[in-house]
Amino acid sequence: MEKMWAGRTDGKTEKAADDFNSSIRVDSRMYREDIEGSIAHASMLARQGIITPEEAAAIIGGLNEILDGISSGKIEVDNDAEDVHMFVERLLTEKIGDAGKKLHTARSRNDQVALDSRMYSRNRTKEIICSLKKLIAALCGRAEEYKSVILPGYTHLQRAQPVTFGHHLMAYAMMFLRDTDRLTDALKRVNVSPIGSCALAGTTYDTDRKYEAELLGFDGVCLNSIDGVSDRDFCVELAADIAIVMMHLSRMAEELVLWSSWEFGFISLSDGYTTGSSIMPQKKNPDMAELVRGKTGRVYGDLVALLTLLKGLPLAYNKDMQEDKENLFDAFETALACLEITTGMISTMTARPDRMRAAAGEGFINATDLADYLVGRGLPFRDAYKISGRIVAYCIENRHTLETLPLEKYREFCGRFDEKVYEAIDLDECVKRRISEGGTSVASVEKQIKAVREKLEEI
Ligand code: ARG
């Protein structure tokens, strides 16, 4: 088949070169955006008197039929085509004849591909935001359920202070909420229309870029046509934001793996999200959580690939840019899959409060409260801290916990101790007293859940 761009050359490229050059296996995913963009373009051309209303009607009718055909599966994507733009234009010309050849007036594939990519990215980003909202809602639900379940909070993966499981889960909800914020903000920069930039220099036709942008739901048009066809900041920015989503998912996945181990035993994942071993009958492996953690690496790779792709490119369009889609689409798809699986795991896991409580009872995680108790008895914090540390060391050596150490022993370390110390170090009390904003008390966690749920309504 003769190339649409044959003329300057005979268009008879090597088969290997055609295969190498073709991007349709990746960019055919944008067929809907490509067709919607072309429909708007035809409408604008007709409105400006660049093509006739009859020609526009034929183009739009033909494009709608192609859209139906591809989405219903009646039209198969031709993987030998150069890209989705050429594929659709060829189908149109075959269908409606000469009018089809006028569609490409006052545009270039350079602004067309930028347009399609932005429209496609806009849709997928909205899907990611929607999935993030579902995950956040699931975390709020589980946090509500487990708002008074106590477990050790960790720093350096060493038992630190008692926290509630609800509090811990809400920490993740906050991260994912920031992610929705970041992506929503990025959409502002995605949603600027490049169409009408043409090859790079704009056009001599009397086009109306603003009208075309409005038809396609853009907030405005890019102000420099060279930038319009060269700018892939939105790809990098979205990949970066998605990489952060993945980093958050991966941190949570890591905890799901740890918590579901025999050593921790804090949660049990639903059978629906675990696998068995082909040899060890006792195994219940957290494969899905591990894969979420693992797939984070490939999304980081997507981001670095995009940054590297662009760093040496002179203005304006360069064919290198065709490579951007594979990475960006992979980031979208990986994140969407990971979000769905993670929401499933979070919604169906069961906490094991007995195990959490047992771990909370063993690590002197109320030592800070012991020091605070002495502060309440008039000691400066640094002195109280030192005495408490000595008591902990004594307990470790003599197989005591702070709860089992007799009052006489306490008084040997400091005369200000009285029987109220046991109440001060009671884990439930330790948690209940942490009412500072954002703290771990049930009341504070309830406030956090409420605040996050309110924010979800606004997104
Ligand atoms: N398939 C190309 C891409 O994704 C479309 C733009 C091609 N433009 C060109 N002048 N060859 O970048």
Side-chain angles (χ1 to χ4, degrees), residues 1-38 40-41 66 70 77-93 101 103-124 190 193-203 216 222 225-236 238-239 302 305-333:
M1 188 180 315
E2 190 183 76
K3 297 282 183 326
M4 257 185 256
W5 40 258
R8 163 71 175 81
T9 69
D10 63 9
K12 291 198 182 77
T13 39
E14 295 292 338
K15 167 89 176 78
D18 278 345
D19 291 345
F20 189 66
N21 196 35
S22 169
S23 57
I24 192 141
R25 281 168 207 273
V26 176
D27 61 30
S28 62
R29 262 171 284 193
M30 307 194 298
Y31 75 88
R32 182 175 297 278
E33 289 76 11
D34 190 75
I35 294 172
E36 285 171 0
S38 289
H41 191 64
I66 295 169
I70 300 179
V77 172
D78 173 8
N79 280 332
D80 288 332
E82 190 176 322
D83 56 27
V84 66
H85 326 292
M86 290 303 207
F87 173 61
V88 171
E89 194 181 325
R90 194 186 74 213
L91 287 179
L92 181 70
T93 313
K101 293 190 199 159
L103 171 63
H104 211 54
T105 316
R107 78 171 182 188
S108 147
R109 264 189 301 160
N110 298 350
D111 56 346
Q112 191 180 356
V113 70
L115 176 78
D116 294 3
S117 297
R118 283 175 185 264
M119 288 170 67
Y120 185 83
S121 298
R122 186 169 77 177
N123 292 338
R124 308 284 352 227
V190 176
S193 169
I195 197 72
S197 298
C198 304
L200 79 165
T203 180
L216 295 170
C222 61
S225 61
I226 298 178
D227 183 47
V229 292
S230 313
D231 175 18
R232 293 294 183 275
D233 292 3
F234 68 97
C235 304
V236 176
L238 290 175
D302 291 328
L306 281 165
L307 285 166
T308 314
L309 172 74
L310 295 166
K311 73 179 271 287
L313 293 187
L315 298 179
Y317 178 83
N318 299 272
K319 188 74 171 203
D320 314 44
M321 287 156 123
Q322 177 164 288
E323 291 289 308
D324 62 358
K325 283 168 276 310
E326 200 161 341
N327 292 117
L328 184 59
F329 295 179
D330 181 70
F332 287 140
E333 273 148 40

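The analysis underlying the following values was restricted to heavy atoms, covering all of them including side chains, and did not include hydrogens, waters or symmetry mates. As the structure lists them, so they are numbered: ligands from 1, and atoms in each ligand from 1. One-based numbering along the sequence shown.
Of the protein's non-hydrogen atoms, Gln322 OE1, 3.2 Å is the one closest to atom 2 (C) of ligand 1. Looking only at protein heavy atoms, the nearest one to atom 7 (C) of ligand 1 is Tyr317 OH, 3.5 Å. At the top of the distance list for atom 10 (N) of ligand 1, counting protein heavy atoms only, stands Asn110 OD1, 3.1 Å. Here the heavy atom of the protein found nearest to atom 11 (N) of ligand 1 is Arg109 NH2, 3.6 Å. Closest protein heavy atom to atom 5 (C) of ligand 1: Asp83 OD2, 3.5 Å.
With ligand atoms numbered from 1 in the order given, ligand 1 contributes 1 (N) to contacts under 4.0 Å with heavy atoms of Ser23.
Aromatic pair Tyr31/Phe87: ring centres not closer than 6.0 Å.
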Can Glu333 and Arg124 be said to form a salt bridge (charged side-chain N to carboxylate O under 4.0 Å, His left out), step by step?
CA-CA 9 Å; Glu333 273 148 40; Arg124 308 284 352 227; 3.5 Å; yes

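Counting heavy atoms from C-beta on, the side chains of Ser117 and Met30 come closer than 4.5 Å. The side-chain heavy atoms of Arg122 and Phe234, taken from C-beta on, include no pair separated by under 4.5 Å.
For Lys12, the NZ atom counts as loosely surrounded, since its 6.0 Å shell holds 12 or fewer non-hydrogen atoms of other residues, nucleotides or ligands. For Glu326, the CD atom counts as loosely surrounded, since its 6.0 Å shell holds 12 or fewer non-hydrogen atoms of other residues, nucleotides or ligands.
Contacts between Lys325 and ligand 1, counted as non-hydrogen atom pairs separated by less than 4.0 Å, involve the side chain only.
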